[in-house]
J.: 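Handing you a structure now.
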2 protein chains.
Amino acid sequence: MATPDGLRVTRVSAPIRSQVVDNIRQAIIDRRLLPGERLVERELVESMGVSRTSVREALRELAAEGLVHTVPNRGTVVANVSREQAMQLYRVRATLEGLAGQLFAETASPAQRRALKKAYDAVVATYSKGNSVVEVKDRFFDVLLDGTGNDSLAAIARSLHARVSVLRALTLSVPGRVDHSMRELGDIMAAIDASDGDAARRACAHHVEEAGRVLSLALPS
Amino acid sequence: MATPDGLRVTRVSAPIRSQVVDNIRQAIIDRRLLPGERLVERELVESMGVSRTSVREALRELAAEGLVHTVPNRGTVVANVSREQAMQLYRVRATLEGLAGQLFAETASPAQRRALKKAYDAVVATYSKGNSVVEVKDRFFDVLLDGTGNDSLAAIARSLHARVSVLRALTLSVPGRVDHSMRELGDIMAAIDASDGDAARRACAHHVEEAGRVLSLALPS
DNA sequence: TTTTGTATGATAGACATACAATCTGTCTGA
DNA sequence: TCAGACAGATTGTATGTCTATCATACAAAA
């Protein structure tokens, strides 16, 4: 039977616990919850108006994602990414986003390329105005990951991105970083425009590696 | 105060929940639980002798790992890896294990290299006897991951490995695959012996890609 | 003064129970 | 035949209880 995607019914009632997961995850990514901050079950229960069951199950999910740490009998805290761990994560991210860039350059559809170009233009426009490029750059990489045709890769890359997002404030505070970053983004765009998979891979990997390098300078060792 | 590490008390009792996680995860990896099989909470409660709370929290962790799927109001099943998803996962694995091989070749200590050589010899010996090389080969890659010095990479690679392990029976059933596999392993070992990071990366990636290619032939499309 | 012992409070870990919500069949009656 | 009602099974959520562990404070002893 032909079932057009347009008719597909999205599940209306998401479990409460997944809303709890999303709330806490977003709060961590947005730095409303800072590394090391305790996530006391009772407080979460009260502030979110759900049962302890839902809160605990949500915390298990987040722990498995690596966004929080649970110490037996002591509770859960927002994961604190050490300097060394940050370097490790950036190394993995560089490799994976390199793969993402390559796949996009090699396989993305015209529509996906147009979407990426649009996202890129938004980054440039925001940069020109002197505003923070954080959101638009996230959007750019979101589009890029979607265009890889590899959902597993996208999911893993996004997960890693979330885990290091707690450090993002540091990266951006480094003077001159944003300018370099823009140039690297331009290189990525150029390689993709040329459908040069190998160049796209190198450009994406380089972009993340540079961010990691800058971060290592800004991080308290 | 000098506190020798030898006196440190390791946590005796892991949380029951994590034992439940380990049990189910191992059962999935060992194919005692097959893809699609339902994980009914009540049955798990009875068979493992723990409360429903512990079982549910364990299932949340496994779901976050991607080893099981939870459909709201319908329950949890062992994750079924589609052909396409398998290809995606192998692509990511190839990249990550390539990175692992490179890091090992470039940074592993002499002791770690000896351990890897030992694991390699065990694979060869088992192969010569005509026995299944599954376990010894897992051991080989375990040692390799440990020697990368990148725990984050090791954790992610192991997680991916677990997710595709449900398909392993298929890969091994392909005639001639084991011989090819042994040759690829030899290439990896040679590159690492030569401390040639780039060659090790290519050899490791190639090994996984070949496994994926063979799998794609064996998989019901 | 420093160390050791003890009390206490806060919190998580685990369990049992209860009930609501949802899905999956089966059965019924038009 | 088939829509709809119905029952059973299972998950989703909430709640109360008890225990284990940790942090802290403070008293007692050396």
Side-chain angles (χ1 to χ4, degrees), chain A residues 1 3 8-25 28 33-80, chain B residues 1-4 7-25 28 33-65 67-80:
Chain A
M1 175 170 51
T3 49
R8 187 165 297 272
V9 169
T10 57
R11 178 161 293 280
V12 269
S13 71
I16 285 184
R17 76 158 174 280
S18 59
Q19 297 181 43
V20 175
V21 169
D22 291 343
N23 279 357
I24 299 178
R25 184 195 291 117
I28 294 175
L33 290 173
L34 298 177
E37 195 163 341
R38 293 195 61 187
L39 298 174
V40 181
E41 293 177 3
R42 182 182 48 79
E43 293 175 2
L44 293 173
V45 164
E46 290 173 3
S47 66
M48 308 185 91
V50 299
S51 75
R52 206 177 150 204
T53 305
S54 303
V55 168
R56 285 180 61 87
E57 291 183 16
L59 291 179
R60 297 299 154 255
E61 284 195 40
L62 292 166
E65 287 180 33
L67 281 178
V68 304
H69 276 149
T70 298
V71 182
N73 294 308
R74 294 213 31 210
T76 301
V77 298
V78 178
N80 216 328
Chain B
M1 176 170 52
T3 49
L7 295 185
R8 186 165 295 273
V9 167
T10 60
R11 168 155 250 94
V12 266
S13 68
I16 285 185
R17 164 185 82 245
S18 57
Q19 297 182 44
V20 175
V21 170
D22 291 343
N23 279 358
I24 299 178
R25 184 194 292 116
I28 294 174
L33 290 173
L34 297 179
E37 194 162 342
R38 292 196 62 186
L39 298 175
V40 181
E41 294 175 5
R42 182 181 49 76
E43 293 174 1
L44 294 172
V45 164
E46 289 173 4
S47 64
M48 309 185 90
V50 299
S51 74
R52 205 176 148 209
T53 306
S54 302
V55 167
R56 284 181 60 88
E57 290 183 14
L59 291 178
R60 298 297 153 257
E61 288 191 31
L62 292 166
E65 286 180 35
L67 281 179
V68 304
H69 276 150
T70 298
V71 182
N73 295 309
R74 296 214 30 211
T76 302
V77 299
V78 178
N80 216 329

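Reminder, nothing fancy here: chain letters follow the sequence lines and each chain counts from 1. Keep in mind it's a predicted model, so treat the numbers as computed, not measured.
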J.: Between the base of C:dA14 and the side chain of B:Ser54, is there a donor-acceptor distance below 3.5 Å?
T.: no
J.: Between D:dT15 and A:Arg42, is there an OP1 or OP2 to side-chain N/O distance shorter than 4.0 Å?
T.: no
J.: Compare every heavy atom of B:His69 with every heavy atom of B:Asn80, then report the nearest pair and how far apart it is.
T.: N-ND1, 4.4 Å
J.: Just the rounded figure in Å: distance from C1' of D:dT11 to CG of B:Leu44.
T.: 13 Å
J.: What is the distance from CD of A:Glu41 to P of D:dT21, rounded to the nearest Å?
T.: 17 Å
J.: Any base atoms under 4.0 Å from B:Leu59, or only sugar-phosphate, or nothing? Heavy atoms, all strands.
T.: nothing
J.: May I ask you to verify if any side-chain N or O of B:Arg74 is less than 4.0 angstrom from the OP1 or OP2 atom of C:dT22?
T.: no
J.: Rounding to a whole Å, what distance do you find between B:Glu46:CD and C:dC15:C1'?
T.: 15 Å
J.: Looking at the side chain of A:Val50, which of D:dT11, D:dA20, D:dA14 is the nearest nucleotide?
T.: D:dA14
J.: For the pair made of CD in A:Glu57 and P in C:dA12, what is the distance, rounded to whole Å?
T.: 16 Å
J.: Please pick, from D:dT11, D:dT15, C:dA16, the nucleotide with the shortest atom-to-atom distance to any side-chain atom of A:Ser51.
T.: D:dT15
J.: Counting just side-chain N and O atoms, does A:Arg17 come under 4.0 Å of either OP1 or OP2 of D:dT13?
T.: yes
J.: Which pair of heavy atoms, one from A:Ala63 and one from A:Thr70, lies closest together, and at what distance?
T.: CB-OG1, 4.1 Å
J.: Assign each of B:Thr76 and A:Gly49 to its nearest nucleotide of DNA chain D by heavy atoms, then name whichever residue's nucleotide is nearer the 5' end.
T.: B:Thr76
J.: Compare the minimum distances between each of C:dA12, D:dG12, C:dC15 and the side chain of B:Arg56, then state the nucleotide with the smallest one.
T.: D:dG12
J.: Should the side chain of A:Arg52 and the base of C:dG13 be counted as holding a donor-acceptor pair, with the cut-off at 3.5 Å?
T.: yes
J.: Can you give me the closest heavy-atom contact between A:Ala64 and B:Ala64, atom names plus distance?
T.: CB-CB, 3.4 Å
J.: Checking side-chain contact (heavy atoms from CB on, under 4.5 Å) between B:Leu59 and each of B:Val21, B:Val20, B:Ile24, which is the one that passes?
T.: B:Ile24
J.: If only atom types and distance count, is the side chain of A:Arg38 paired as donor or acceptor with the main-chain N or O of A:Arg74 below 3.5 Å?
T.: yes
J.: Which nucleotide, C:dC15, C:dA12, D:dT10, lies nearest any side-chain atom of B:Thr53?
T.: C:dC15
